[in-house]
Each structure stands twice: as C-alpha cells, then as structure tokens.
Asker: 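Structure below; questions to follow.
Keep in mind it's a predicted model, so treat the numbers as computed, not measured. First the proteins, then the strands, lettered A, B, ... as listed; each starts at 1.
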Amino acid sequence: MVLPEDFNACQSIVQQFQAFFDHPGIEKIGHNLKYDIKVLLKYGIKVTAPIYDTMIAHYLINPDMRHNMDVLAETYLQYRPQSITELIGKKGKNQRSMREVPIAQQTEYAVEDADITFQLKQHFSQELASGGTQELFDTVELPLVPVLTAMEAEGICLDTPFLNELSIQLQTDIDALEKGIFKQAGETFNLASPKQLGPILFDKLKLVDKPKKTKTGQYSTAEDVLSYLAKDHPIVANILEWRSLQKLQNTYVTALPQEINPKTGRVHTVYNQAVAATGRLSSNNPNLQNIPIRTPRGQEVRKAFIAKDADHVLLAADYSQIELRIIAALSKDPAMVSAFQEGQDIHTATAARVFGVAPDAVNRAQRSQAKTVNFGIIYGVSAFGLSQQTELNRTEAKELIDTYYASYPQLRNYMSDQIHFAREHGYVTTVLGRRRYLKDINSQNAVVRGAAERNAVNAPIQGSAADIIKLAMIRLQHRIQEDGWRAKMLLQVHDELVFEVPKDELDDFQILVKKEMEQAFTLDVPLEVDLGVGQNWLEAH
DNA sequence: GAAGTCACG
DNA sequence: ACGTACGTGACTTCA
C-alpha cells in the first residue's frame, strides 16, 4: 500500500509494526541500516531486534572497495538490479519523488532490494568467517550502528547570532585584504582562482625563477609553496590571510547555520561507517570532524558549538597520543614503552634521547623536531618528507631519522615486520583483526610499492586507534542507557568524544567517561584521556 | 566532474 | 633515478 502523506496518519500505520521491529527472533537484514533505522525513528519506531548490515559486512571484507548495493549485486550475484535512476530520474530538480512512481513498480523495486540484501548476507557471512573479522563485525561494527544512530539523531546546538556577527567581521577583513592584494598586483582578478593567481605571482611579479607546478602543469599556489615565499613579497602573506579567512567564511561561518534542522534546532551530521580504509569513521553533511581549532580566527568558529542551555555543558574527552601509544605497544620498543609507562611527555622524551640531553634540558626547537619525527613515524617517514615539514635539509633530516631509529631500535624492526607480513599475506591487521589489503605491496614500481609500505605501517596504527575508540563508544552508550544518565554522546572526532552533560551529573559522569575510554582496550602502555568542560566546544578543550 | 586548495585528526 | 608522509570532506573554479 501507499502510505498517506499526512504524518500522523502515516505514523499510526507504521507503528503497528513496532512488535516486528522488536522481535528478537527476526533478524533485520539491511544495507546501510542506520539510514532505515533513522527513518523509522522519525515515526517513533525503535529497532531493538538483532541487525545485520551488508554494507558494513562488505566494508570489513574489503575496506578499500566501494560498497554500493548495485555493484555488490553484480559482483557476488551476477545480477544487475533496477537502478533508482530508472525509477525516479537523475538527481536534480526534475527528479521524481518515489511517491509519484506507480505502486507496482515501487513494489518490484522494494522486493528486489530486500531479496538482494538477503542473498548478499549469505555470501558475506562466509567471507567474514574466512577473513577472521566475524567477531569484529559482531562485537564492534554492528553494536556501533545504534550508537551512531543516537548521536546523529541527537545533533548539537549552534550559536547562530554569534556566527552571524563573526561573518560580518570576517567579510570586512576579507574585503580589505582583497583591495590591498589587487593594488599590490596592479590589477583585479579572481582571487579564488589558482589558475589566475599563478601567472600574477610567477609571470608578472616573478617571485621565483622556477615555480613549482602542479601535476597538470599549472603554477602551484598551495599553502606550503606560498608560506615559503611570504618573505619575498608582502602580497603573499595577504593572499594566505585572505585564503584562510575565505575558507572559514565559506566552509563554516555561513554554511553551518544553514545545516540547522528546523524541527530540532540542531545540526545533525551523518557518520559514514564504511568509507575510511583504515577503520575510522568519517562525517558529512556537514562534516563535524574538521571544525577549525588551530588558528585564533578558526577557534572563533569552534566557540559557536554550544551546550543547549545554562543547565548543560559540553564535555570533550580525548585520547592523549593514542597512535604513538599504539606503536609503542605494538613494537614493544623498551624506551618508548617505558616513556609512556612513566608518564613522560613523549615528544620531550624523544628529543632527550635523540639529542642526547636530559629531559629538562630539551629546548623548544628540539621538542618540536622530535614531535615532527614522531608523527612522521606514524605516516612512514622519508628524509625528503621530513625536510619539507621542518627547517632541516635532506641530509640533516636523514641524520635525524637515523638517530631516531637508534633511540627506538624496536620501532624499526616493527615497521619492517609489518611490511614483511604484508608482502607474505597481502594484508595487515589492527588489534581487533581489522584487515587492510595492500595489493601493491610487491609492485615493481618503487613509488607505488613505497606507498603500500607506508600503508602497511600506518593502517594498523590508525586502525587500532579507530578500533579502540569504537569500543569505548559502545561501552559508554551502554552505560548511559543502563545506568540512566541524562548525558548524551554527541560527536566523535577520531580520538575525541564530545558529550552534552547536565551540570548536576558532571562530576560523576566525567569519572565514568575517563574510566571507560582508558579501559576500553588493554595495551602494554596505559591509555590516557584528557577531559575538558565548557559552555562551548572551544572552552571544553 | 576533475583539479586545486585547505579544514581536521 | 625517482617521487615522497597517513586518513578524510567541502568549497570554488573551469572545461
């Protein structure tokens, strides 16, 4: 039947199926179930029955591939389902509503969808078992679905008047900068067009002899290039400033208020549980995992994320150095493990070892260099890459890396073990057995192979961190429900969770959050969580 | 829709 | 000799 357009009439029909969605003996199989569960939630239906999500199953089977149902049907079932485009037309203003499609066609489409999903499950159950990811699926990824559903449905408050005021200030500065830049350039042009900007900087003003080009042959005007040239001409600093303000204005300050849901008055991101090849989540519509924090003007944007009223605060809880702790634990490097066990500042401890001085004697430049190498290790450093990120030349960068490995000898062994494992098995794994396949690990092409080798090192680290925070989220949401907390989990930003907490619960809830996150997984080094509280997200850091 | 750029961890 | 740090999403320009 076609459901009525009237919400209440529709709801009274849909709600008759509540018992079905609760029935523990009838598993609910779907492809991207979070989407369907959220639709049902709009009508007050809660899905409490066991679930099986074929999109997530395939994500664990091969995280690097796409997981569209039509592609999967062709691959696994040798069947090409009717496309949604055939039914309602291409995306755009002429696209029909499903309601306008004749009921017979709707029915055919719906039952085909259900049938394919059911058949895909039979294939994927086999593959999950043979890939060793059945437990990860059952105990982490599926239990995470209702957690993410609840977070998305909850949303977060935005201080719109504050953003509107910020927008006016930004625009004043943007206009003034633009005026100055055109004067310095001696002409007006589209400043947002790198294609137009390049010739001004490198043909007209001749800032350098051999300008760096992009892969399509156009002059590169990227931030790292321009930062390097800022000392040569005052126009460059102005361009960089204009770019950063324009970015804040367009991507956040004017865009975010338009994302507020009029029904809830809050912003509801959508988490994608099946895109990041390492096991991380991603966030879109809007992306709330890349809200500015690094610059003073950017921090103003973060201030706009607020608790819902004066009786609540935002609580931010982030894992301290989780990826370095993981590489320390996985490599079992004695020096790095003991640095964490003794609660030392890891960058200072690293600098002390690398530069051969006492920890108190480490200066800022040394700590900063050690920090850059520590991060570089996670990504798979090269001397060239490190020299790009620091003041060092390639020779100095190479020396620093060599000294680093001498300080943490087990790290080098661990990394080469990962690469060898990948060469032999074709994949690497995280602490919970999540796999990433690396088809290029034995490539003849050194560039391609090098990239795969860096992935062999990075994926287990980034992916294990993702595993651990997912465990913490599931446990915390469980405790929130079972113990009857009124606090809500709102956001996840890779190593951070953000909660909205009634002030009268705050002291006890902080203890719970810290404990559950730190105890989520046991490594040979302690996990440490920093907490922050405030009326807004910036204060909570 | 690709390319370039830049926000975050 | 060669090209180079890991993972994302959003915005603007331009063919």
Asker: For nucleotides B/dT5 and C/dT4, find the distance between their P atoms and express it as a whole number of Å.
Answerer: 14 Å
Asker: Measure CG/A/Asn374 against C1'/B/dG9 and give the value in whole Å, please.
Answerer: 16 Å
Asker: How many whole angstroms separate atom CG of A/Leu538 from atom P of B/dC8?
Answerer: 12 Å
Asker: Going by the rule side chain to side chain donor-acceptor pair (under 3.5 Å), which residues pair with A/Arg367 if we only count those two or more places apart in sequence or in a different chain?
Answerer: A/Asp345, A/Thr348
Asker: When rounded to the nearest Å, what value does the distance between P atoms of B/dC6 and C/dA5 take?
Answerer: 15 Å
Asker: Could you tell me the separation between the CG atom of A/Asn458 and the C1' atom of B/dG9, rounded to a whole number of Å?
Answerer: 12 Å
Asker: Classify the nucleic acid contact of A/Val381 as base, sugar-phosphate or nothing, counting any heavy atom under 4.0 Å across all strands shown.
Answerer: base
Asker: If we ignore angles and hydrogens, is there a donor and acceptor under 3.5 Å between the side chains of A/Thr350 and A/Tyr408?
Answerer: yes
Asker: Near DNA chain B, which residues from residues 218-246 of chain A have a heavy atom under 4.0 Å away?
Answerer: A/Gln218, A/Ser220, A/Thr221, A/Ala222, A/Glu223, A/Arg243, A/Ser244
Asker: Regarding A/Glu496 and A/His541, is there a side-chain donor-to-acceptor distance under 3.5 Å anywhere?
Answerer: yes
Asker: Which residues in residues 388-403 of chain A have at least one heavy atom lying under 4.0 Å from any atom of DNA chain B?
Answerer: none
Asker: Under 3.5 Å, is there a donor-acceptor pair linking the side chains of A/Tyr427 and A/Arg435?
Answerer: yes
Asker: Should stems be defined as at least three consecutive Watson-Crick or G-U pairs with both distances under 3.5 angstrom, which of them involve DNA chain C?
Answerer: B:1-9 with C:6-14
Asker: With heavy atoms of chain A within less than 4.0 Å as the criterion, where does contact along DNA chain C begin and end?
Answerer: C/dG3 to C/dA15
Asker: To the nearest Å, give me how far apart CD (A/Gln196) and C1' (B/dT5) are.
Answerer: 15 Å
Asker: Are more than 12 heavy atoms from other residues, nucleotides or ligands located less than 6.0 Å from atom NZ of A/Lys179?
Answerer: no
Asker: Check DNA chain B against residues 275-296 of chain A and give the residues with a non-hydrogen atom under 4.0 Å, in numerical order.
Answerer: A/Arg280, A/Gln289, A/Asn290, A/Ile291, A/Pro292, A/Ile293, A/Arg294
Asker: A/Leu288 versus A/Val498: any side-chain heavy-atom pair under 4.5 Å?
Answerer: no
Asker: Does a side chain donor of either A/Glu323 or A/Gln462 reach within less than 3.5 Å of an acceptor in the other side chain?
Answerer: no
Asker: How is A/Ala192 classified with respect to the nucleic acid when contacts are heavy atoms under 4.0 Å: base, sugar-phosphate, or nothing?
Answerer: sugar-phosphate
Asker: For A/Gln171 and A/Asp175, test the side chains for any donor-to-acceptor distance below 3.5 angstrom and give the result as yes or no.
Answerer: yes
Asker: Under a 3.5 Å threshold, yes or no: a donor from one side chain and an acceptor from the other, between A/Glu241 and A/Asn238?
Answerer: no
Asker: Applying a 4.0 Å non-hydrogen cut-off, can you work out what A/Thr372 is touching in the nucleic acid: base, sugar-phosphate, or nothing?
Answerer: base
Asker: Would you kindly say whether A/Gln218 and A/Thr214 are connected by a side-chain donor-acceptor distance under 3.5 Å?
Answerer: no
Asker: In whole Å, what is the span from the CZ atom of A/Phe375 to the P atom of B/dC8?
Answerer: 14 Å
Asker: Are A/Thr430 and A/Asp467 close enough that a side-chain donor and a side-chain acceptor fall under 3.5 Å?
Answerer: yes
Asker: Side chains of A/Gln249 and A/Ser167: any donor to acceptor distance under 3.5 Å?
Answerer: yes
Asker: Expressed in angstrom and rounded to an integer, what is the separation of A/His494 atom NE2 from B/dC8 atom P?
Answerer: 12 Å
Asker: Give a yes-or-no answer on whether the side chains of A/Ser283 and A/Thr269 include a donor-acceptor pair shorter than 3.5 Å.
Answerer: yes
Asker: Please classify the nucleic acid contact of A/Gly450 as base, sugar-phosphate, or nothing, using heavy-atom distances under 4.0 Å.
Answerer: nothing
Asker: Would A/Asp530 and A/Tyr319 count as having a side-chain donor-acceptor pair, cut-off 3.5 Å?
Answerer: no
Asker: Any side-chain donor-acceptor pair under 3.5 Å between A/Gln492 and A/Gln289?
Answerer: yes
Asker: Checking all strands, does A/Asn455 fall into the base, sugar-phosphate, or nothing category for heavy-atom contacts under 4.0 angstrom?
Answerer: sugar-phosphate
Asker: Assess, by modelled atom type and distance only, whether the side chains of A/Arg243 and A/Thr221 contain a donor and an acceptor separated by less than 3.5 Å.
Answerer: yes
Asker: Expressed in angstrom and rounded to an integer, what is the separation of A/Gln321 atom CD from B/dG9 atom C1'?
Answerer: 12 Å
Asker: Does a donor on one side chain sit under 3.5 Å from an acceptor on the other, for A/His31 and A/Asp53?
Answerer: no
Asker: In this structure, how many angstroms lie between the P atom of B/dC8 and the CD atom of A/Gln492, rounded?
Answerer: 17 Å
